[in-house]
Asks: 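Dumping the structure here so I can ask a few things about it.
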Number of protein chains: 4
Amino acid sequence: MNRRSGIDSKSNILNAALKIFSEYGYRGASMRMIAHNAKISVGGLYIHFKNKEELCLTLMKKRLGDLSQELKKALEGVKNPVEAITLFITINLEYAKRHKELILTQSKERGFTFGLGLKRSFFKKQRTLIEEILKKGIDSGDFSECDVKETTKIIMGTLRGFVLSMVVDAYNLFTPEECSKLILYGLLRRNDKPANEKTNEFKGRS
Amino acid sequence: MNRRSGIDSKSNILNAALKIFSEYGYRGASMRMIAHNAKISVGGLYIHFKNKEELCLTLMKKRLGDLSQELKKALEGVKNPVEAITLFITINLEYAKRHKELILTQSKERGFTFGLGLKRSFFKKQRTLIEEILKKGIDSGDFSECDVKETTKIIMGTLRGFVLSMVVDAYNLFTPEECSKLILYGLLRRNDKPANEKTNEFKGRS
Amino acid sequence: MNRRSGIDSKSNILNAALKIFSEYGYRGASMRMIAHNAKISVGGLYIHFKNKEELCLTLMKKRLGDLSQELKKALEGVKNPVEAITLFITINLEYAKRHKELILTQSKERGFTFGLGLKRSFFKKQRTLIEEILKKGIDSGDFSECDVKETTKIIMGTLRGFVLSMVVDAYNLFTPEECSKLILYGLLRRNDKPANEKTNEFKGRS
Amino acid sequence: MNRRSGIDSKSNILNAALKIFSEYGYRGASMRMIAHNAKISVGGLYIHFKNKEELCLTLMKKRLGDLSQELKKALEGVKNPVEAITLFITINLEYAKRHKELILTQSKERGFTFGLGLKRSFFKKQRTLIEEILKKGIDSGDFSECDVKETTKIIMGTLRGFVLSMVVDAYNLFTPEECSKLILYGLLRRNDKPANEKTNEFKGRS
DNA sequence: AATGAATGAGATTTCATTCAT
DNA sequence: GATGAATGAAATCTCATTCAT
């Protein structure tokens with residue numbers, strides 16, 4: 001009914017699409033549902049997006065970009081590597097909790113997993129971020145010596161695991177704090193600690 | 001075609017369904033594809049299963065049952081709790097790797113998440129299993145004192161994370177061994193260790 | 001409603017498709033129209049044909065095959081090359097008049113003219129047929145010496161022209177006889193004729 | 001963009017429409033494509049033309065008018081009827097080759113064949129043109145006596161055939177010269193000729 | 001006059017499910 | 001039990017046309 005500007009419409013559609021894709025998954029979400037949610041006609045969607053795939057892709061790009069941005073901003077002034085890792089984990093988990101969304105979308109339509117490249121490049125960026133934090137932490141003496149690449153992989157995997165677990169199983173097993181502790185625990189130097197103070201912080205581990 | 005017995009037909013269909021659901025997801029898989037793969041007619045499917053949902057449900061039940069069975073058998077004679085946890089993790093990951101499948105299926109058809117109850121009860125069983133191992137390990141002195149419930153939750157979550165990470169991202173970030181080490185490391189008593197032997201097993205931590 | 005055998009249905013659909021495509025062209029014909037005409041559901045069409053394009057292609061193949069068959073049969077016992085050419089032309093025109101149809105279909109969907117190969121190979125067959133008749137006619141002395149290839153091209157082009165003219169313009173400008181005369185006239189030897197008898201057969205060309 | 005005068009805009013649109021209609025046919029061409037090609041907005045098209053049909057009709061009118069004009073101009077000073085017929089044919093074929101276009105458009109939208117009347121009247125004009133040339137040629141003794149109406153019909157049909165053949169089949173079977181020869185050959189008086197000179201001009205005939 | 005977002009009707013296509021054979 | 005043609009609803013997508021700006 002009321003004519004919107006192109007940009008308004010686009011972001012309006014993206015919001016609706018996010019809601020619907022998140023709730024029903026890529027195949028479960030229909031263009032009709034998205035259009036309805038965006039209070040637009042179905043045909044209208046196709047003015048702004050070539051097809052369902054492109055709509056979904058745009059959405060993913062935007063989300064991953066947003067998260068990247070958020071991470072970058074948050075980590076900007078942080079010097080302490082422990083704090084940095086904690087922030088990194090917390091922001092990732094908070095973001096996932098806030099949006100519970102396109103994290104899965106792994107449709108095999110037409111034999112090709114679209115959006116894969118997008119994710120890959122995003123994960124690569126994240127890996128680099130962690131590697132840098134780790135290196136600084138080792139240099140500063142906050143973290144013990146370790147194979148940076150390998151450790152990064154493990155941190156990423158564990159974090160990814162928590163995120164997925166949260167989204168797929170809809171269990172709230174972990175608070176970001178708990179998750180941070182699990183990961184940080186091993187990274188922290190323990191040689192000089194009285195071995196009871198910090199350890200006790202984290203039940204279930206030693 | 002050669003006539004099969006009812007039971008043969010059923011398991012034949014289930015095998016086909018597993019293959020197709022695994023590859024294309026619940027919505028991406030069509031009854032036609034499953035029938036074709038099972039070398040049976042489309043109508044034939046409906047003789048053995050009320051509908052697509054029931055077929056999928058039966059499949060999930062069977063899969064979870066199989067895994068339960070496998071776990072039970074493997075853990076039967078095992079006394080050492082460290083070995084038990086390692087086995088538990090390894091079998092879970094190997095199973096997931098072997099089947100890369102119904103792990104996701106979270107379709108919201110007609111507004112209701114089917115299969116959820118199934119999963120819940122399976123996870124409960126698994127939780128009980130771990131709890132028992134933990135208790136034994138604590139009693140035997142292999143594991144340090146800890147909140148059993150909480151620790152179980154963390155182990156489950158981390159494992160679940162690794163499984164999902166493997167299935168969704170199609171990365172092979174972790175070998176079952178690495179995963180086991182990550183989880184076990186914290187569970188093992190460390191008070192009496194010279195701090196170099198066992199610790200060094202696991203790079204990137206300590 | 002009443003279940004038909006697969007073969008019945010297929011030819012039933014092809015008949016309907018012929019009618020609709022002929023009348024409305026490839027783009028003008030809708031699957032709905034074809035389904036309606038075939039007294040079948042729209043979805044039913046897709047049991048027998050992968051898509052609109054394949055349906056149209058099958059139809060063209062069948063038509064060109066039919067005409068080939070008819071020509072072959074008709075020319076089988078014919079020795080006299082004049083009669084052969086006359087038959088060739090007459091059958092082509094009669095066929096076109098009878099079916100007024102897929103002769104045009106030159107859709108440029110997705111940037112590629114489908115059915116082109118089909119037509120090309122059909123025209124090649126026709127060319128060979130004419131060339132053989134011409135050769136025999138020259139050998140027997142019925143036709144004057146001429147460049148067989150070139151003459152074939154001209155005959156084909158003129159005939160094709162008449163066919164198209166008939167179909168596109170919906171004028172009945174020519175009877176097959178008139179068309180035959182136009183083409184034959186030049187082919188016939190005239191050196192020994194009194195030059196007035198046969199010539200007068202064909203008004204406007206004395 | 002730079003504002004055009006109304007007339008400029010109109011002819012600009014017509015040029016774009018010609019290009020698009022020619023390449024994709026009436027149904028295959030979309031208003032969006034035409035607008036894009038004309039570097040104008042979709043709405044802009046509707047300022048100058050009531051709808052798609054009218055745009056197409058206008059285009060056809062213009063084209064047929066152009067051709068009429070060209071023919072008229074070319075034939076103006078020509079006295080020799082042989083030359084006149086040759087010109088007539090050549091211009092027609094050249095024009096068709098240059099534009100490969102609306103010649104087919106035979107859409108039956110909403111059950112009514114638009115543009116038919118337009119074509120009919122154009123063909124009528126052309127017929128008159130040929131008839132006049134023929135009459136002059138007979139009077140001057142260049143052409144043999146013949147039924148003018150009938151001969152005109154055959155010339156028109158053959159020419160039309162060549163044009164269609166060229167457009168539809170996208171074969172370049174004929175040069176305008178060959179086509180002219182085919183048609184002219186029969187029209188020329190032959191009673192006084194040595195019967196070898198002119199005859200030999202045209203291979204495959206005589 | 002000009003724009004281009006929006007509409008709404010209709011096109012092609014897919015698919016779980018049914019049912020005559 | 002078994003088949004697979006048929007259905008009908010719904011999905012994705014297209015497009016001539018309109019209209020607020």
Side-chain angles (χ1 to χ4, degrees), chain A residues 1-10 13 27-35 38-53 55 109, chain B residues 1 3-6 9 27-36 40-53 55 109, chain C residues 1-10 13 27-35 38-53 55 109, chain D residues 1 3-6 9 27-36 40-53 55 109:
Chain A
M1 299 296 160
N2 63 324
R3 311 262 154 167
R4 267 182 289 258
S5 86
I7 294 161
D8 271 9
S9 253
K10 212 160 176 164
I13 291 170
R27 309 238 9 177
S30 81
M31 295 304 263
R32 214 175 116 278
M33 285 158 87
I34 293 169
K39 289 181 206 318
I40 207 182
S41 69
V42 179
L45 297 178
Y46 289 86
I47 293 164
H48 302 282
F49 301 94
K50 212 176 82 239
N51 51 33
K52 192 182 178 184
E53 191 172 317
L55 172 52
E109 289 207 297
Chain B
M1 317 288 160
R3 308 261 153 166
R4 266 181 289 262
S5 80
S9 256
R27 313 239 6 175
S30 77
M31 294 303 264
R32 227 159 152 267
M33 284 158 92
I34 294 169
H36 184 81
I40 210 180
S41 69
V42 181
L45 296 179
Y46 287 84
I47 292 161
H48 299 286
F49 300 94
K50 208 177 84 225
N51 53 32
K52 194 182 180 184
E53 191 172 313
L55 171 53
E109 289 207 293
Chain C
M1 300 293 160
N2 65 324
R3 313 258 155 170
R4 268 182 289 259
S5 87
I7 295 162
D8 270 10
S9 253
K10 210 159 178 167
I13 291 170
R27 308 244 356 186
S30 80
M31 296 303 264
R32 215 175 115 278
M33 285 158 90
I34 294 169
K39 288 179 206 320
I40 206 181
S41 68
V42 180
L45 297 177
Y46 288 85
I47 294 162
H48 302 282
F49 302 94
K50 211 174 81 238
N51 51 32
K52 194 180 179 184
E53 190 172 317
L55 172 53
E109 289 207 297
Chain D
M1 316 289 158
R3 308 260 153 166
R4 268 180 288 263
S5 81
S9 256
R27 312 246 353 186
S30 77
M31 295 302 264
R32 227 160 152 267
M33 284 158 91
I34 294 168
H36 183 80
I40 209 181
S41 69
V42 181
L45 295 178
Y46 287 85
I47 291 162
H48 299 283
F49 301 94
K50 208 178 81 223
N51 53 29
K52 194 181 179 183
E53 192 172 313
L55 171 54
E109 290 209 294

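Values below: all heavy atoms of this structure, side chains included; hydrogens, waters and symmetry mates excluded. Everything numeric in this text was worked out from a predicted model, so none of it was measured. Numbered from 1 within each chain, the chains take letters A, B, ... in sequence-line order.
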Asks: To the nearest 0.5 Å, how far apart are NZ in C:K10 and CG in C:L55?
Replies: 10.0 Å
Asks: Please report, rounded to the nearest Å, how far the P atom of E:dT18 is from the CZ atom of B:R32.
Replies: 18 Å
Asks: Any base atoms under 4.0 Å from C:A29, or only sugar-phosphate, or nothing? Heavy atoms, all strands.
Replies: sugar-phosphate
Asks: Between E:dA11 atom P and C:I34 atom CD1, what is the distance in whole Å?
Replies: 11 Å
Asks: Return the nearest nucleotide to the side chain of A:S30; candidates are F:dT12, F:dT17, E:dA6.
Replies: F:dT12
Asks: Roughly how many Å is it from CD1 in C:I47 to P in E:dA16, rounded to a whole number?
Replies: 14 Å
Asks: If you assign D:G43 and C:G44 each to the DNA chain E nucleotide with the nearest heavy atom, which residue ends up on the more 5' nucleotide?
Replies: D:G43
Asks: Take atom NZ of A:K50 and atom C1' of F:dC13, then tell me their distance rounded to the nearest Å.
Replies: 12 Å
Asks: What's the closest nucleotide to the A:N51 side chain, out of F:dA6, F:dC13, E:dT7?
Replies: F:dC13
Asks: Could you state the atom-to-atom distance from CG of A:D8 to P of E:dG4 in whole Å?
Replies: 16 Å
Asks: Rounded to the nearest angstrom, tell me the gap between atom CG in C:L45 and atom C1' in F:dT7.
Replies: 12 Å
Asks: Please report the distance, rounded to the nearest Å, between OH in B:Y46 and P in F:dA5.
Replies: 16 Å
Asks: For C:I13 and C:A38, which heavy atoms make the closest approach, and how far apart are they?
Replies: CA-CB, 4.2 Å
Asks: Does B:S41 put a side-chain nitrogen or oxygen below 4.0 Å from OP1 or OP2 of F:dG4?
Replies: no
Asks: Could you please name the option among E:dT17, E:dT12, F:dC15 that lies closest to any side-chain atom of C:R27?
Replies: F:dC15
Asks: Could you give me the stems involving DNA chain E, meaning stretches of three or more consecutive Watson-Crick or G-U wobble pairs whose two defining distances are both below 3.5 Å?
Replies: E:2-21 with F:2-21
Asks: Should the pair A:K52 and A:Y46 be classed as cation-pi, given the thresholds of under 6.0 Å to the six-membered ring centre and 45° from the axis?
Replies: no
Asks: On a heavy-atom basis, which atom in A:G28 and which in A:M33 lie closest, and how many Å separate them?
Replies: O-SD, 3.8 Å
Asks: Between D:M31 and A:M31, who's closer to the 5' end of DNA chain F by nearest nucleotide?
Replies: A:M31
Asks: Starting at CG of A:N51, measure out to CG of A:L45 and round the result to the nearest 0.5 Å.
Replies: 11.5 Å
Asks: If only side-chain N and O atoms of C:S9 are considered, is one of them under 4.0 Å from the OP1 or OP2 phosphate oxygen of F:dA6?
Replies: yes
Asks: Is there side-chain contact between A:I34 and A:V42, with at least one heavy-atom pair below 4.5 Å?
Replies: no
Asks: Just verifying a value: how many Å separate C:K39 NZ and C:S9 OG, rounded to the nearest 0.5 Å?
Replies: 13.5 Å
Asks: Could you tell me the separation between the CE atom of C:M33 and the C1' atom of E:dG10, rounded to a whole number of Å?
Replies: 12 Å
Asks: May I ask you to evaluate whether B:H48 reaches the phosphate of F:dA2, defined as a side-chain N or O under 4.0 Å from OP1 or OP2?
Replies: yes
